[in-house]
Amino acid sequence: YLETMLEVLPEEDARRSSCDFKLRLLRRNKVGDKATDFTYYLPDGQKKSLAATSVRGNRLLLVFYDPDCESCHEVLGQMISDKVLADAVASRRVSVLAVYTEGDDGVWRSSLGDMPPSWTVGTDRLAVKEGALYDLKAMPAIYLLDGSGRVLMKDARYGDVRKALGSAAE
């Protein structure tokens, strides 16, 4: 649809820039592609990058979230209470990286106690959102990556990711 719109809209049409932006965003981080690298910061201020993040078991569950988001509360609650995920993390079959994308350091820090200590939790200081590095139209945005940073699942529902992690362990 977006490609067609770009073909038929006149160059001076104001809608072109919106269509072009959305198309570039959709084309980023496709399944099979290397995930876009970005910088994030740990609670102690240490600077990390996605590309340098340690991945156990050749799987990284990348979660972009906002503690003030109702849907994030619901999905993160499912993830945190999920014994299958906890066992996969404990047995080093998967790593979890949860990244706060909304830029309010106080909100992020006040929610750190809710996150499992076995997860890596960071804040990107708005880099992902402002750079439109990932499609964050619905939060949480969940990606499953392999150990080399290739996207296995994009903007996935947690239930689908859980099934994929379960079948990878078999």
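In this chain, numbering begins with 1 at the start of the sequence shown.
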Considering only distance and modelled atom types, tabulate donor-acceptor pairs under 3.5 Å from the side chains of residues 66-74, sequence neighbours left out.
residue, atom, partner, partner atom, Å
Asp66, OD1, Asp68, N, 3.0
Ser71, OG, Met139, O, 3.1
His73, NE2, Pro67, O, 2.6

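The distance from the CG atom of Leu97 to the NZ atom of Lys48 is 10.5 Å, given to the nearest 0.5 Å. Going from atom OG1 of Thr120 over to atom OH of Tyr40 covers 5.5 Å, rounded to the nearest 0.5 Å. Taken from OG1 in Thr123 to OH in Tyr41, the straight-line distance is 9.5 Å, to the nearest 0.5 Å.
Residues Leu50 and Ala35 come closest through the heavy atom pair CD2-CB, 4.0 Å. Taking each heavy atom of Ala98 and Met115 in turn, the nearest pair found is CB-CE, 3.6 Å. Minimum interatomic distance between Arg28 and Leu133 (heavy atoms only, all atoms of both residues): CD-O, 3.6 Å. Of all non-hydrogen atoms in Tyr143 and Val151, the two that sit nearest each other are CD2-CG1, 4.3 Å.
The aromatic rings of Trp108 and Tyr100 sit parallel, their planes meeting at an angle under 30°, below the 60° perpendicular limit.
In the hydrophobic clustering of this structure, Val89 groups with Leu152; members are Ile, Leu, Val, Met, Phe, Trp, Tyr whose side-chain heavy atoms approach within less than 4.5 Å, directly or through other members. Cluster annotation: Phe64 is not connected to Leu126 through the hydrophobic network of ILVMFWY side chains, with a link wherever side-chain heavy atoms come within less than 4.5 Å.
With contacts defined as side-chain heavy-atom distances shorter than 4.5 Å, the pair Asp146/Arg59 qualifies. Side chains of Asp160 and Leu144 form no contact here, defined as non-hydrogen atoms less than 4.5 Å apart. Here the side chains of Asp135 and Asn29 are not in contact, with every heavy-atom distance at 4.5 Å or above. By the 4.5 Å heavy-atom criterion applied to side chains, Leu61 and Leu85 are counted as neighbours.
For residues 110-119, no residue pair satisfies the side chain to side chain donor-acceptor pair (under 3.5 Å) rule, not counting sequence neighbours.
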Walk me through whether Val63 and Met79 qualify under side-chain contact (heavy atoms from CB on, under 4.5 Å). CA-CA 11 Å; Val63 182; Met79 294 173 67; 3.7 Å; yes
List the steps and the verdict of side-chain contact (heavy atoms from CB on, under 4.5 Å) for Val84 and Arg162. CA-CA 8 Å; Val84 171; Arg162 188 180 190 273; 2.8 Å; yes
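Residues satisfying the side-chain contact (heavy atoms from CB on, under 4.5 Å) test with Ser49, not counting sequence neighbours, are Asp37, Ala51, Ala52.
Side-chain atoms of Ser148 and Arg150 include no donor-acceptor pair closer than 3.5 Å.
Annotation: Arg157, atom CZ; neighbour count of heavy atoms from other residues, nucleotides and ligands within 6.0 Å does not exceed 12.
Of the candidates Val99, Asp155, Thr101, Val75, Pro140 forms a side-chain contact (heavy atoms from CB on, under 4.5 Å) with just one, namely Val75. Tested against Met153, the residues Val161, Leu62, Leu165, Leu145 include a single side-chain contact (heavy atoms from CB on, under 4.5 Å) partner, Val161.
Salt-bridge annotation for Lys83 and Asp87: present, with a side-chain N of the basic residue lying under 4.0 Å from a carboxylate O of the acidic one. Note on Lys154 versus Asp33: no salt bridge recorded, every NZ/NE/NH1/NH2 to OD/OE distance being 4.0 Å or above.
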